[in-house]
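To start, the structure under review is shown below, and the notes come after it.
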Amino acid sequence: MTTRKVRVRFAPSPTGPLHIGGVRTALFNYLFAKKHGGDFILRIEDTDSTRFVEGAEEYINESMEWLGMTIDEGVKQGGEYGPYKQSERREIYKKYADQLVETGWAYYAFDTPEELDALRAQAEAEKKTFAYDMHSRSNMKNSLSLSEDEVKQRMEAGEPWVIRFKMPEDTDVQTNDMVRGSVTFNTNTLDDKVLYKSADKLPTYHLANIVDDHLMDISHVIRGEEWLPSVPLHIMLYRALKWEETMPQFAHLPLILKPTGKGKLSKRDGDKGGFPVFPLNWQLEDGIAMGYRESGYFPEAMVNLLALLGWNPGTEQELFSMDELVELFSIERVNKSGARFDPDKAKWFNQQHLVRKDDAELAELFQCELSEKGMKAEPGFVAQVVGLVKERVNFVSELWEQTAFFFEAPVEYDPKVVKKRWKGDVPAFMTELTVELEKVSSWKADDIKTAISGQIEAKGLGFGLVMNAFRLALVGGGFGPDLMTIAEMIGQDETIKRVNAAVENLQ
RNA sequence: GGUCCCUUCGUCUAGUGGUUAGGACGCAAGGUUUUCAUCCUUGAAACAGGAGUUCGAUUCUCCUAGGGACUGCCA
């Protein structure tokens with residue numbers, strides 16, 4: 001058996017912003033493709049004309065680009081297997097739907113949605129479940145129960161119809177899932193799914209999916225666990241179309257669950273917990289759905305955290321670049337059980353990636369924030385500042401609150417610190433200290449320290465007491481990196497000015 | 001209800017027929033730091049339950065319980 005080229009697809013439907021679970025599915029597809037030197041295809045599954053959302057397709061493209069998942073074939077990229085948008089492939093599906101009817105694998109049905117709803121409601125009232133299946137199909141309005149003439153008549157009269165798959169009886173369907181192993185279903189529990197609808201001349205997901213995967217020569221289908229129950233239908237479809245020989249291999253990924261409580265992660269969880277569930281911001285009628293990008297996450301951090309939700313390389317390494325993930329990824333090491341999303345750990349991943357960035361790169365990102373605040377600073381200076389504090393922030397957006405004092409004198413002083421540090425002999429001493437600071441001829445951290453230490457000793461004061469007050473004057477609070485370094489960086493004049501200002505303001 | 005899937009610290013997970021069941025996030029304590037943070041050290045914390053197979057099961061099998069997905073002319 002010759003091993004065929006790996007070709008996988010990510011096939012979202014453009015009904016809104018891409019969910020984090022969808023992003024992970026895309027990522028695993030991408031990693032698998034690249035690991036095996038294969039193609040990563042983006043197919044837009046817009047077969048539900050009623051759920052189409054403007055802008056969703058562009059959102060998907062932008063998300064993939066931001067995260068660094070390069071698409072080999074797709075609507076924008078083109079390719080030899082196009083079109084890559086299902087609404088542009090109508091004729092193709094119609095042909096195969098007809099073929100299934102001709103070969104007896106499917107039939108026309110005229111039951112209206114309202115009739116079916118009524119039957120479902122009725123069944124529910126009797127605590128039963130209605131299914132359009134091998135048991136009920138003969139009582140329904142379809143080409144199996146109706147005479148040929150009547151079928152023809154209804155169709156010629158323009159009555160809407162659908163094509164349903166005629167699920168065979170009592171057949172065991174077995175699949176060898178790449179993450180779950182052997183799974184078996186019996187067709188007796190399956191229903192006759194709609195494959196095609198005349199109303200909008202479009203197939204449903206099931207038919208479109210099989211036809212496209214076959215025609216696009218997809219080798220592996222990697223998708224969420226919610227698709228597992230439809231595997232037997234899909235296998236039967238491959239069989240009915242005589243494509244079983246080249247049927248792709250399936251892999252069903254575990255779900256991403258809520259941080260607390262039950263069920264799979266949803267948009268509401270993000271709102272409640274204050275963390276993003278989407279890669280990019282998405283405008284809603286009643287507000288905005290937060291995105292990772294706009295929340296300050298690095299794309300590589302998001303990729304990293306998503307990769308480890310349901311997969312691990314078996315070592316104790318937790319931080320990976322996209323290249324490393326491609327190198328190490330294997331579908332066999334994907335977990336079977338659902339993974340709860342942990343917002344705290346997500347932050348940690350971002351912090352880890354932030355610390356690992358070099359100062360110049362971070363400085364560049366920080367410059368944007370600075371200019372928004374009307375601050376101008378030399379790139380070299382900003383890089384130095386960033387280097388001093390990057391270990392104490394999770395996001396670029398937190399940089400300002402840690403470094404504002406490098407760019408402007410404190411506008412206010414932390415009252416708690418004032419109360420604790422600015423008392424007794426301190427104010428008087430600080431005034432004297434400015435005189436000493438004036439005298440420092442070489443404004444370097446070490447020299448400043450020597451000067452201050454000498455003065456403290458001469459006065460017999462506590463080192464800590466003075467230093468904390470000095471920090472309060474320069475920073476406005478009790479935080480920040482090494483104080484002497486701060487003094488050196490803001491300069492001699494500014495340092496003295498701030499001490500004087502503090503003495504004046506904190507009487 | 002039916003079908004299918006899943007089950008190791010609170011969370012993400014490693015792991016093996018014989019281990020002190022390992023790591024990470026978070027949490028707690030201590031230390032370093034003139035401060036905050038970092039950092040370091042330490043600690044608490046798990047094999048869902050019951051049978052069976054076996055000299056020995058967290059590991060293999062079965063059952064139970066719990067959780068989840070699906071059950072649309074949605075994907």
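All values below were derived from every heavy atom in this structure, side-chain atoms included, with hydrogens, water molecules and symmetry-related copies excluded.
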Below 3.5 Å between N/O atoms, which protein atoms pair up with nucleotides 62-72 of chain B? Just atom names and distances, please.
unit_1	atom_1	unit_2	atom_2	d
B:G67	OP1	A:K262	NZ	3.3

Starting at atom CG of A:D269, determine the distance to atom P of B:U11, rounded to an integer number of angstrom.
-> 16 Å
With a non-hydrogen cut-off below 4.0 angstrom, is A:G480 in contact with a base, only sugar-phosphate, or nothing?
-> base
Please state how far atom NE2 in A:H135 lies from atom P in B:U3, giving the value in whole angstrom units.
-> 12 Å
Which is true for A:V162 with a 4.0 Å heavy-atom rule: it touches a base, it touches only sugar-phosphate, or it touches nothing?
-> base
With no hydrogens and no angle check, do the side chains of A:Y107 and A:D192 hold a donor and an acceptor under 3.5 Å apart?
-> yes
A:F185 near the nucleic acid: base, sugar-phosphate alone, or nothing, with a heavy-atom cut-off under 4.0 Å?
-> sugar-phosphate
State whether the number of non-hydrogen atoms from other residues, nucleotides or ligands found under 6.0 Å of A:Q174 atom CD is greater than 12.
-> yes
Any A:N335 side-chain N or O less than 4.0 Å from OP1/OP2 of B:U7 | no
Can you tell me, in whole Å, how much space there is between the C1' of B:A21 and that of B:U16?
-> 9 Å
Mapping A:N186 and A:R421 to their closest nucleotides on RNA chain B, which lands nearer the 5' end?
-> A:N186
Checking A:R154 against A:F110: charged group under 6.0 Å from the ring centre and within 45 degrees of the axis?
-> yes
Could A:R137 and A:D133 be called an ion pair, given the rule that one side-chain N must be under 4.0 Å from one carboxylate O?
-> no
Which value, in whole Å, describes the distance between the P atoms of nucleotides B:U41 and B:A48?
-> 31 Å
Report which part of the nucleic acid A:S198 touches: base, sugar-phosphate, or nothing (heavy-atom distance under 4.0 Å, all strands).
-> nothing
A:F341 and A:F275 aromatic centres sub-6.0 Å = yes
So what does A:D117 hit on the nucleic acid, given a heavy-atom distance under 4.0 Å: a base, only sugar-phosphate, or nothing?
-> nothing
Rounded distance in Å between the P positions of B:G22 and B:A44 | 11 Å
May I ask you to say whether A:E398 pairs ionically with A:R392, meaning some side-chain N is under 4.0 Å from a carboxylate O?
-> no
A:F278 ring centre to A:K267 NZ or CZ under 6.0 Å, with the angle to the axis within 45°?
-> no
The Watson-Crick or G-U wobble partner of B:G52, with both key distances under 3.5 Å, is B:C60
Can you tell me, in whole Å, how much space there is between the C1' of B:G56 and that of B:U42?
-> 34 Å
Using atom CG of A:D133 as one end and atom C1' of B:U3 as the other, report the distance to the nearest whole Å.
-> 13 Å
Rounded to whole angstrom units, what separation is found between the CZ atom of A:F275 and the C1' atom of B:U11?
-> 13 Å
Has A:T47 got a side-chain N or O lying under 4.0 Å from the OP1 or OP2 atom of B:A75?
-> yes
So which nucleotide does B:G10 pair with, by the Watson-Crick or G-U wobble rule with both distances under 3.5 Å?
-> B:C25
Cation over ring face, A:R333 and A:F329, 6.0 Å, 45° = no
Tell me what A:A199 touches on the nucleic acid: a base, only sugar-phosphate, or nothing, going by heavy atoms under 4.0 Å.
-> nothing
Heavy atoms under 4.0 Å, any strand shown: does A:T260 hit a base, just sugar-phosphate, or nothing?
-> nothing
Would you say the side-chain atoms of A:T184 and A:D172 include a donor-acceptor pair closer than 3.5 Å?
-> no
When rounded to whole Å, the CE to C1' distance for the pair A:M167 and B:U3 reads 12 Å
Neighbour count above 12 (heavy atom, 6.0 Å) for A:E58 CD | yes
What class does the angle between the rings of A:H206 and A:W227 fall in, given that below 30° is parallel, 30 to 60° is tilted and above 60° is perpendicular?
-> perpendicular
Rounded to the nearest angstrom, tell me the gap between atom CG in A:D177 and atom P in B:U3.
-> 20 Å
Is A:E225 salt-bridged to A:R180, going by a charged N under 4.0 Å from an acidic O?
-> yes
Assign A:R180 to base, sugar-phosphate, or nothing according to its heavy-atom contacts below 4.0 angstrom with the strands shown.
-> sugar-phosphate
Under 4.0 Å between a side-chain N or O of A:R333 and OP1 or OP2 of B:G15?
-> yes
Atom pairs, N/O to N/O, protein against nucleotides 21-30 of chain B, distance under 3.5 Å?
unit_1	atom_1	unit_2	atom_2	d
B:G22	O2'	A:E316	OE2	3.2
B:G23	O4'	A:E316	OE2	3.1
B:A24	O4'	A:E318	OE2	2.8
B:A24	O2'	A:E318	OE2	2.5
B:A24	O2'	A:K345	NZ	3.2
B:A24	N3	A:K345	NZ	3.0
B:C25	OP1	A:W348	NE1	3.4

Looking at B:U38, does its base get a donor-acceptor pair with the side chain of A:R392 below 3.5 Å?
-> no
Determine the Euclidean distance between corresponding P atoms of B:A46 and B:G52; express it in Å to zero decimal places.
-> 26 Å
Determine which nucleotide pairs with B:A69, using a 3.5 Å limit on both distances of a Watson-Crick or G-U wobble pair.
-> B:U3
Between B:C74 and B:A69, how far is it from one C1' atom to the other, in whole Å?
-> 15 Å
Can you tell me the Watson-Crick or wobble partner of B:C74, both distances under 3.5 angstrom?
-> none
Would you say a side-chain N or O of A:N468 is under 4.0 Å from OP1 or OP2 of B:U34?
-> no
Atom CG of A:L483 and atom C1' of B:U35 are separated, to the nearest Å, by 9 Å
Pairing of A:R43 and A:D213 as salt bridge, 4.0 angstrom limit = yes
If you measure from the C1' atom in B:C47 to the same atom in B:A57, how many Å do you get, rounded?
-> 11 Å
When the P atoms of B:G30 and B:G67 are considered, how many whole Å apart are they?
-> 40 Å
Can you label the angle between the A:F407 ring and the A:W400 ring as parallel, tilted or perpendicular, going by 30° and 60°?
-> parallel
Heavy atom of residues 83-100 of chain A under 4.0 Å from RNA chain B: which residues?
-> none
Are side-chain N/O atoms of A:N142 and A:D111 paired as donor and acceptor at under 3.5 Å?
-> no
